[in-house]
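Worksheet: the structure to be examined is printed underneath.
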Amino acid sequence: QPWFRGADGKWRFEVDDSARFKSEPAKAALADTASGDVIPLSQLLGQEDEIARAYPDIGNVLFERTDAGGGLYYPPNKFGTEKIEVGSRDARSTALHETMHPIQVREGFALGGLPANSSKSAEDDYWRLAAEAEARNVQHRADMSMDERLTLPPWVTQDVPTKQQI
């Protein structure tokens with residue numbers, strides 16, 4: 001796995017996540033719209049997942065399926081609780097995106113955010129956030145094999161060029 005620098009200047013490498021969230025338990029949890037159940041992310045990842053092995057505590061991140069459209073990541077609160085909410089729009093892709101945010105926290109990478117308001121400039125700034133661009137790229141590359149990933153590196157498939165990220 002080749003190493004590369006993200007827009008935040010920190011080194012990282014990519015793992016093959018083409019099978020992530022495709023197990024039967026994960027598919028069932030992602031299909032269950034707004035059951036109200038909150039489960040640990042470990043139930044979706046499984047013990048053999050490369051992310052679960054690299055970040056053992058990521059399995060403690062709470063996962064909730066909602067009937068909203070997109071997804072949200074809630075960073076650790078004062079009790080250390082983190083949560084991912086995944087809405088109805090392309091649940092697997094959204095789960096991949098939102099799972100990137102706790103990894104960014106653990107690695108000290110640039111952090112994502114929410115638009116400050118509904119203005120065009122706030123939306124543009126949100127779109128350019130390095131962490132959000134990285135998480136969207138995870139979605140874009142979700143079904144690429146490792147060979148494809150090696151041929152087409154992450155900085156080539158970003159929707160916002162590195163120099164334009166904030």
| query | Do Tyr55 and Glu107 meet the criterion of a side-chain donor-acceptor pair at a distance under 3.5 Å? | reply | yes

| field | Flag, side chain of Asn137 to backbone of Pro154, donor-acceptor distance under 3.5 Å | value | yes

| Side-chain donor or acceptor of Glu98 paired with backbone N/O of Val86 under 3.5 Å | no

| said: Checking the side chain of Gln43 only, and the main-chain atoms of Pro40 only, is there a donor and an acceptor separated by less than 3.5 Å? | reply: no

| query | Quick check: does any side chain N or O of Arg53 sit under 3.5 Å from a backbone N or O of Gln47, one acting as donor and the other as acceptor? | reply | no

| field | Lys/Arg N to Asp/Glu carboxylate O, Arg128 vs Asp124, below 4.0 Å | value | no

| query | Heavy-atom distance under 4.5 Å between the side chains of Tyr73 and Pro102, does that happen here? | reply | yes

| Between Tyr126 and Glu132, does any side-chain donor sit less than 3.5 Å from a side-chain acceptor? | yes

| Thr81 side chain vs Asn77 backbone, donor-acceptor pair below 3.5 Å | no

| message | Tell me whether Lys83 is salt-bridged to Glu64, with the criterion being a basic N under 4.0 Å from an acidic carboxylate O. | response | yes

| field | Glu85 versus Thr66, side-chain donor and acceptor atoms under 3.5 Å | value | no

| field | Interatomic distance, Ser23 atom OG to Leu44 atom CG [nearest 0.5 angstrom] | value | 7.0 Å

| Are the charged groups of Asp143 and Lys22 less than 4.0 angstrom apart, N to O? | yes

| Is there a side-chain contact between Lys10 and Arg5 (heavy atoms, below 4.5 Å)? | no

| Between Phe4 and Trp155, does the ring centre distance come in under 6.0 Å? | yes

| request: Using a strict cut-off of less than 4.0 Å between a Lys/Arg side-chain nitrogen and an Asp/Glu carboxylate oxygen, indicate whether Glu24 and Lys27 qualify as a salt bridge. | output: yes

| note | Interatomic distance, CZ@Phe109 vs CH2@Trp11, rounded to 0.5 Å, equals 11.5 Å

| request: Ignoring hydrogens and angles, tell me if any N or O in the side chain of Arg92 forms a donor-acceptor pair with the backbone of Arg20 under 3.5 Å. | output: yes

| Heavy-atom side-chain contact between Leu62 and Ile84 under 4.5 Å | no

| task | Using a strict cut-off of less than 4.0 Å between a Lys/Arg side-chain nitrogen and an Asp/Glu carboxylate oxygen, indicate whether Arg65 and Asp37 qualify as a salt bridge. | result | no

| query | Could you give the distance from OG1 (Thr99) to CG (Asp17), rounded to the nearest 0.5 Å? | reply | 9.5 Å

| Any salt bridge between Arg141 and Asp16, counting N to O under 4.0 Å? | no

